[in-house]
Every structure is written in C-alpha cells, then in structure tokens.
Amino acid sequence: SWIGSRGHILALNRMDAAPAPSLTEWAAAMGAGGQAPVLIDAKKGGGVAELKREILRAGAHVNARLKRRGINPRPVRAAVLGYPNVGK
C-alpha cells in the first residue's frame, strides 16, 4: 500500500546463487500476484538489459504525459529497496 498507484518493477538479484528450480518457483509465485519479476545476475550482467527495458517501458507513460502538457521529457526516477548488505 505504500507504493500506491506508482509504477514499480520487481527485480530479483543474485540469480546465480539460487538453483534453477527455486528461481522458477519464486518467479511463478510472484507472477501470480500480477507482476513477474526480472531475474538478474548483476555481477555478470545477466538480465540487466531486460531490467533496463522494463524500466524504460514503465517510465514511458510519464514522459508521454509530460509531452502532452508541453514539458520536456525527463529521465526515469527510481528507488532501490531491499535488505541492507545483500547486493542491491
């Protein structure tokens, strides 16, 4: 509820440290909530391009609205949340 109506992307890092069956179970469980997570391995760069595409896609409607109002588009604003010291 603290996110409200703001767009968000769910990303799971450290996919290299988890076994493949666990990743598919987590992705299915989180996808059942309406949003499939983006799986990333930030150390090796796996999934980072997909995450970037999702971020740009999520922010496209904001810039479209700004453009309709005659305001120049701006970069996407983002916040990274997670437990401390786990590799965000």
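None of these values were measured; they are calculated from a predicted model. Positions are given from 1, in the same order as the sequence printed here.
For residues 66-77, there are no side-chain hydrogen bond (donor to acceptor under 3.5 Å, both in side chains) pairs, not counting sequence neighbours. Residues in residues 40-51 take part in no salt bridge (charged side-chain N to carboxylate O under 4.0 Å, His left out) pair, two or more places apart or across chains.
Note that CG of L39 and CG of D16 are 11.5 Å apart. Values are rounded to the nearest 0.5 Å.
The side-chain hydrogen bond (donor to acceptor under 3.5 Å, both in side chains) search around R65 returns none, not counting sequence neighbours. The salt bridge (charged side-chain N to carboxylate O under 4.0 Å, His left out) check on R57 picks up E54, with sequence neighbours excluded. With sequence neighbours excluded, the residues that form a side chain to side chain contact (heavy atoms under 4.5 Å, CB included) with I55 are I9, L51, V76. With sequence neighbours left out, the side chain to side chain contact (heavy atoms under 4.5 Å, CB included) criterion links P21 to P19.
The hydrophobic clustering, which links ILVMFWY residues whose side-chain heavy atoms are closer than 4.5 Å, places L12 and L23 together.
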Exercise for the section: Please test M30 against L10 for side chain to side chain contact (heavy atoms under 4.5 Å, CB included), starting from the C-alpha separation and ending with a verdict. Expected result: CA-CA 9 Å; M30 292 179 180; L10 179 62; 3.4 Å; yes

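Residues A11 and I40 approach most closely at CB-CD1, 3.7 Å, considering heavy atoms.
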